[in-house]
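Protein chains get the first letters and strands the later ones, always in sequence-line order, with residue 1 at the start of each.
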2 protein chains.
Amino acid sequence: MKTRGARPIGMSLWETTHVVHREFERMLAAHGLNRATWFILLTLDEAVHPTQRDVARAVGISDATLTHHVRNLEDGGLVHRTRDPDDRRVQCIELTDEGRAAFARIHDDAMAFDRRMRAVLGPETTAALLGALDTLTTEFTRPGDSTPIPRA
Amino acid sequence: MKTRGARPIGMSLWETTHVVHREFERMLAAHGLNRATWFILLTLDEAVHPTQRDVARAVGISDATLTHHVRNLEDGGLVHRTRDPDDRRVQCIELTDEGRAAFARIHDDAMAFDRRMRAVLGPETTAALLGALDTLTTEFTRPGDSTPIPRA
DNA sequence: TATTGTTATACTCTATAACTATA
DNA sequence: TATAGTTATAGAGTATAACAATA
C-alpha cells in the first residue's frame with residue numbers, strides 16, 4: 001500500500017513526549033521514584049490534608065492502584081500515614097522529613113529540566129507550543145473524563 | 001512547601017499526549033488493535049520484506065515482545081508468516097487480504113484523526129507545534145537510543 | 001560461533017470485585 | 001446504607017535469559 005503523506009501530528013507528539021519522558025523518568029529513577037509516585041508527592045505538596053481518594057483522583061489512578069504506590073512510598077520512608085481521629089476511615093498521608101528532603105531535591109531537578117526545555121525552545125516557541133497543546137487538550141478531552149494529571 | 005510557579009512544559013506535553021492518545025486508542029480498539037499492533041502494521045506497510053527483528057527495531061520493542069504481538073495479529077488473521085526459503089531462520093511477515101482491508105479502514109480513520117488535529121490548530125500553529133516538537137526530540141534524544149517509532 | 005526467532009518467566013502498572021472498618 | 005481504604009486477583013505490555021534452528 002505504501003501509504004505516505006505528511007507525518008501525522010500524533011506521531012510526532014507521541015515520539016517527542018516519550019523521548020522527553022524517558023529522560024525525565026531516568027532522573028526520577030535516580031531518586032528512587034517513578035512518574036506515579038512523583039505525581040503523588042506533587043499532589044501532597046499542593047493539597048491540604050487530602051484523603052487517599054482525593055490523591056487518587058488528582059493523579060488519575062484508582063484507589064487500589066494508589067494504595068499500591070503509597071505502600072511503596074511508605075516502605076521507602078518518604079511518607080507516613082495516620083488515621084484521621086475525626087473520621088477513622090480516612091488515612092492522612094504526610095511527607096516525612098526524609099520525604100520532604102527528597103521532594104526538594106527532585107523538585108530542583110524537575111525545575112532544571114523545565115528550564116532546559118524552555119531554553120532550547122526560546123520564549124516565543126514555548127508560548128506557541130503551550131497554546132497548541134492547550135487547544136488539542138480542549139479538543140480531545142471528553143466531558144466525562146476528569147483527569148487533572150493524566151494517567152499512563 | 002507549596003511549590004508553585006509556571007506550569008512545567010513537560011506536564012502539558014504529557015497531559016495533551018495522553019488525552020489525544022486515549023481517543024486514538026479508542027479508535028484502534030474499535031478495530032481490534034492497540035498502539036503496538038498498529039505500529040507493526042504501519043511498519044509492514046512501509047518496509048520491504050522486513051525480518052521480525054527489523055520490525056521490532058522500527059517499533060521500538062524487544063524481539064520477544066514483538067513475537068507476542070505478531071502472534072496476536074496472526075491469531076486475528078491479519079498477518080501470516082512464512083519462513084524465508086533463502087534463510088530459514090527468518091520469518092517473513094505479510095498482511096493477509098483481511099489484514100490489508102483492516103489496515104485500509106484504520107488508515108482512513110487515522111487520517112481523519114490527523115485532519116481533525118490540523119483543523120483545530122490551523123496551518124500556522126500546526127507548523128509551529130511540529131517545529132517545537134522536533135526541537136525537543138533533537139534535544140532529548142540520546143545518541144544510543146535509536147527508536148524511530150517510540151515505545152510506551 | 002553468530003544470528004533469528006521462540007519460550008519461559010517475571011516485573012510493573014493498572015484495574016475490578018470483594019472485603020473490612022468505620023460512619 | 002454509604003464511604004475510605006485494603007486485599008486478592010487478573011490482565012496488558014514489557015523485558016531478560018535460556019533455548020532451538022539455522023547459517
Counting just side-chain N and O atoms, does [X] come under 4.0 Å of either OP1 or OP2 of [N]?
{"X": "A/Ser62", "N": "C/dA15", "result": "yes"}
{"X": "A/Arg53", "N": "D/dA4", "result": "yes"}
{"X": "A/His68", "N": "C/dA15", "result": "no"}
{"X": "A/Thr67", "N": "D/dT6", "result": "yes"}
{"X": "B/Asn34", "N": "D/dA12", "result": "no"}
{"X": "B/Arg81", "N": "C/dT6", "result": "yes"}
{"X": "A/Thr51", "N": "D/dA4", "result": "no"}

Exercise for review: Would you indicate whether the side-chain heavy atoms of B/Leu44 and B/Val79 approach each other to under 4.5 Å?
Suggested key: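 Yes, at least one pair of side-chain atoms sits under 4.5 Å.
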Review point. Quick one: are B/Leu121 and A/Ile9 in side-chain contact, heavy atoms under 4.5 Å?
Key: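 B/Leu121 reaches A/Ile9 side chain to side chain.
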Practice item. Would you kindly check whether a donor in the side chain of A/Arg88 faces an acceptor in the base of C/dT22, or vice versa, at under 3.5 angstrom? Key: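 When only heavy-atom distances are counted, A/Arg88 does not reach the base of C/dT22 through any donor-acceptor pair under 3.5 Å.
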Exercise for review: Mind telling me whether A/Trp14 and A/His18 have parallel, tilted or perpendicular rings, with 30° and 60° as the class edges?
Suggested key: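 If you compare the ring of A/His18 with that of A/Trp14, the planes turn out tilted.
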Check your understanding: Where each residue is assigned the nucleotide of DNA chain D containing its nearest heavy atom, which of A/Arg71 and A/Asp87 is assigned the position nearer the 5′ end?
Key ->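 On the 5' side of the pair lies A/Asp87.
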Gap between atoms [atom1] and [atom2], on [X] and [N] respectively (whole Å):
{"X": "B/Asn72", "N": "D/dA12", "atom1": "CG", "atom2": "P", "answer": "9 Å"}
{"X": "B/Glu25", "N": "D/dG13", "atom1": "CD", "atom2": "P", "answer": "8 Å"}
{"X": "B/Arg89", "N": "D/dA20", "atom1": "CZ", "atom2": "C1'", "answer": "13 Å"}

Practice item. Would you indicate which nucleotide in D/dA17, C/dT4, D/dT6 comes nearest to any side-chain atom of B/Ala64? Key: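 Of all the options, the side chain of B/Ala64 is nearest to D/dA17.
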Practice item. Look at the side chain of B/Thr51 and the backbone N and O of B/Val90, then say whether any donor-acceptor pair between them is shorter than 3.5 Å. Key: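 Between the backbone of B/Val90 and the side chain of B/Thr51 there is no qualifying donor-acceptor contact (under 3.5 Å).
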